[in-house]
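Notes follow the structure.
We name chains A, B, ... by the order of the sequence lines, and we start the count at 1 in each one.
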Amino acid sequence: MNSTDIAFLSAADTVKAVKARELSPVDAVQAYLERIDRLDTRLAAYITVVREEALDNARVVADRIQRGEDVGPLAGVPIAVKDQYWTKGILTTNGSKVYKDFVPDEDSTVIRRLRDAGSILLGKLNLSELAMGGTQNPPWGIPANPWNFDCTPGESSSGSGVALAAHLCAASMGEDTGGSGRGPASYCGVVGLRPTFTRVSRFGMTHMCWFMDAASPMTKTVEDCALMLGVIAGYDEKDPYTSRKPVPDYTARMREGVQGLRIGLIKELHYTEDMHPDVRSAIEASLEKFRELGAEVKEVSIPLAELAGAIFVGVADTEGAGARDEILRNQPGDLDQASRTRLQSAALVPAKVYNRAAKARVLLRRQVMEALNDVNVLVSPTSPYPAPKHTDLTAKFENAEDVRARFFFRRAYTGLYSLTALPAISIPGGFTGDGLPIGLQLGAAPFAEETLFRTAYAYEQATPWHTRIAPNIQDN
Amino acid sequence: MAVDKETVQKLAQLADIEIASDELDEVTNRFDSLMLELDRLKELDLTDIHPVSIFPEDGQI
């Protein structure tokens with residue numbers, strides 16, 4: 001295998017090749033480091049590359065494999081993680097000048113589990129400031145979408161989406177508060193999962209909104225995502241809110257197909273005037289594909305879904321503004337203009353309005369659970385439109401209607417699952433006429449990740465979308 | 001409800017937050033839009049609902 005072939009492998013195929021001693025972990029790491037050197041100046045996916053540490057760890061893994069040891073389910077997989085996860089001795093910026101010197105003295109639980117599983121950390125990835133989104137001037141560069149450099153890769157796990165689409169790592173960890181993992185997955189044509197809220201420890205993950213933040217495996221394939229979740233899920237005494245439910249082998253039932261499953265299109269997130277026509281067509285084509293594959297497809301109603309974006313901002317931004325009070329009062333100049341004005345506006349929300357949004361969140365959960373009594377899997381686009389241009393995303397808001405159209409509308413699609421603590425996955429669901437990826441979002445009941453992987457895998461294997469290579473990195 | 005810049009300034013003072021004069025329009029637009037969107041929740045019957053931070057794993061609420 002040449003270095004490009006190595007870098008284009010999925011994580012699962014990398015593990016197979018490493019365990020079969022057909023691929024050295026050192027060669028795998030070097031293949032990615034070479035691509036990072038060549039491509040990342042333009043892409044700005046990475047904030048920190050830990051070159052020597054990665055090569056040293058690759059040699060350790062290689063030695064262990066030579067000795068016949070079982071290195072773990074991610075043996076020799078070069079990974080990169082959003083710079084929101086604490087990494088012992090490695091700069092962790094949270095995408096903000098406020099944290100430009102923050103070097104944690106311990107790993108987050110997710111990082112520790114990924115290391116214990118045999119993966120090799122290549123570095124820390126760019127993100128929107130404080131994992132929020134809309135950052136106008138990211139201190140470590142503006143991440144470019146490999147499918148179109150003028151477009152955003154999404155927010156806030158932007159670097160994770162870019163690194164996967166450009167094959168600058170084999171697998172990644174994003175974080176998803178309101179869609180920060182699924183959104184970039186959608187815009188970059190990769191896979192992003194928001195697990196059930198209590199499924200994965202949040203210890204050592206800088207918070208945006210502590211009761212909605214979720215670790216988000218982001219990968220090239222559905223199988224890789226199932227593999228990653230299996231490694232990071234499970235109870236953690238450092239995060240007492242994590243579930244004690246046993247962690248299944250998420251790949252075990254992945255190939256069972258969708259025969260007999262009931263799949264429901266969320267009406268309120270489909271029949272909207274503002275949806276891009278190519279996105280609408282892609283979703284309707286996906287429903288037809290699910291029918292062909294043997295699923296029963298129907299429409300379901302979640303009346304509050306269209307307001308999920310506003311409820312999300314009312315709860316999460318207000319909570320986030322409270323948590324950032326010290327920064328807002330003492331270091332506002334260190335924040336990007338977009339983060340500063342977003343947090344400032346959220347800090348002004350009256351208590352009774354916040355309380356109403358918090359109650360509406362509970363009502364929304366009831367409505368979603370009712371829909372899930374009728375179907376196994378919910379379907380919508382991850383975003384009602386493809387990746388916007390950087391300039392459209394970061395332009396100042398002209399008036400309140402402009403805020404509604406550009407800020408609240410798309411957040412309803414991903415915010416729905418964040419608010420209700422339910423699992424959802426974004427997978428490649430097609431392309432626009434302009435060649436931009438479209439994300440297909442699937443949601444399910446609490447702890448029904450196996451059903452999500454089963455459905456997502458069936459669709460992935462029946463469609464060609466995950467095999468396309470972004471044109472801007474195609475010859476590299 | 002349309003929120004004006006003066007109201008935003010007063011709220012910011014109460015919250016001990018300093019808003020730069022050249023960003024007051026942006027904050028006002030964001031806050032106005034948020035309040036307008038959340039105003040739509042007034043139509044919901046939320047009388048028997050209590051907010052929770054974390055939902056029970058299996059039970060309904």
Side-chain angles (χ1 to χ4, degrees), chain A residues 196-198 210-212 241 243-245 304 307 309-311 313-315 317-319 321 325 328-329 332-333 337-338 340-350 353-363 365-366 369 396-404 407-408 420-422 446-447, chain B:
Chain A
T196 304
F197 176 71
T198 55
W210 79 268
F211 57 84
M212 278 196 246
Y241 294 100
S243 174
R244 292 179 183 272
K245 283 180 184 287
L304 260 184
L307 276 175
I311 300 170
V313 176
V315 174
D317 280 37
T318 309
E319 182 71 26
D325 182 57
L328 267 183
R329 285 190 291 111
Q337 191 263 351
R340 185 168 54 243
T341 56
R342 180 173 167 185
L343 287 171
Q344 285 175 334
S345 61
L348 308 181
V349 173
V353 176
Y354 172 82
N355 181 260
R356 195 181 299 136
K359 287 182 173 181
R361 175 177 174 239
V362 176
L363 181 59
R365 161 99 171 191
R366 287 182 185 172
M369 293 299 284
K396 285 189 179 180
F397 292 112
E398 296 295 325
N399 50 49
E401 174 53 29
D402 190 26
V403 183
R404 192 204 68 78
F407 188 71
F408 290 114
T420 53
L422 300 173
F447 299 97
Chain B
M1 181 177 73
V3 180
D4 57 29
K5 287 189 276 189
E6 288 69 30
T7 304
V8 167
Q9 277 288 31
K10 281 181 191 166
L11 287 171
Q13 281 169 3
L14 289 170
D16 195 19
I17 290 170
E18 192 173 337
I19 298 174
S21 57
D22 62 345
E23 292 177 353
L24 185 56
D25 282 342
E26 174 88 355
V27 176
T28 303
N29 284 337
R30 282 179 179 272
F31 183 64
D32 189 25
S33 175
L34 180 56
M35 297 303 285
L36 280 171
E37 287 289 302
L38 292 174
D39 230 30
R40 297 168 66 188
L41 304 181
K42 282 181 178 171
E43 298 162 12
L44 303 173
D45 181 4
L46 301 169
T47 47
D48 68 331
I49 293 176
H50 301 290
V52 293
S53 294
I54 296 179
F55 293 107
E57 285 197 348
D58 296 311
Q60 292 284 358
I61 53 166

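- The contact between B/Leu44 and chain A is made entirely by side chain atoms (from C-beta outward), counting heavy-atom distances below 4.5 Å.
- The side chain to side chain donor-acceptor pair (under 3.5 Å) search around B/Glu23 returns A/Arg340, not counting sequence neighbours.
- Counting heavy atoms from C-beta outward, A/Val362 and B/His50 have side chains that stay 4.5 Å or more apart.
- The parts of A/Leu348 that come within reach of chain B are both its backbone and its side chain, each placing non-hydrogen atoms under 4.5 angstrom from that chain.
- Residues A/Phe408 and B/Ser33 share a closest heavy-atom pair of CE1-OG, 3.0 Å.
- Distance CD1/B/Ile19 to CD/A/Gln344: 5.0 Å, rounded to 0.5 Å.
- The two residues A/Ala357 and B/Leu38 come nearest to each other via the heavy atoms CB-CD2, 4.1 Å.
- Residue contact with chain B, scored on non-hydrogen atoms closer than 4.5 Å, involves the backbone and the side chain of A/Leu363 alike.
- Side-chain N or O atoms of A/Arg361 include one that pairs as donor or acceptor with a backbone N or O of B/Val52 at under 3.5 Å.
- Counting heavy-atom pairs closer than 4.5 Å to chain A, the top residue among B/Asp45, B/Asp16, B/Leu24 is B/Asp16.
- The most heavy-atom pairs under 4.5 Å with chain A, out of B/Lys42, B/Glu18, B/Arg40, B/Glu26, come from B/Glu26.
- The two residues B/Ile54 and A/Trp210 come nearest to each other via the heavy atoms CD1-CZ3, 3.8 Å.
- Closest of all the heavy-atom pairs between A/Pro350 and B/Met35 is CD-CE, 3.8 Å.
- Between B/Ile49 and A/Lys359, the closest heavy-atom pair is O-CE, 3.2 Å.
- Heavy-atom pairs under 4.5 Å with chain B were tallied for A/Ala347, A/Ala360, A/Ala346; the largest tally goes to A/Ala360.
- Contacts between A/Val315 and chain B at a heavy-atom distance below 4.5 Å are absent for every atom of the residue.
- The shortest heavy-atom contact between B/Phe31 and A/Ser345 is CD1-O, 3.3 Å.
- Considering only heavy atoms from C-beta on, A/Val313 stays 4.5 Å or farther from B/Glu37 through its side chain.
- Of all residues in residues 5-12 of chain B, those placing a non-hydrogen atom less than 4.5 angstrom from a non-hydrogen atom of chain A are B/Val8, B/Leu11, B/Ala12.
- With chain B as the partner, the residue from A/Ser243, A/Pro332, A/Gly309 showing the most heavy-atom pairs under 4.5 Å is A/Ser243.
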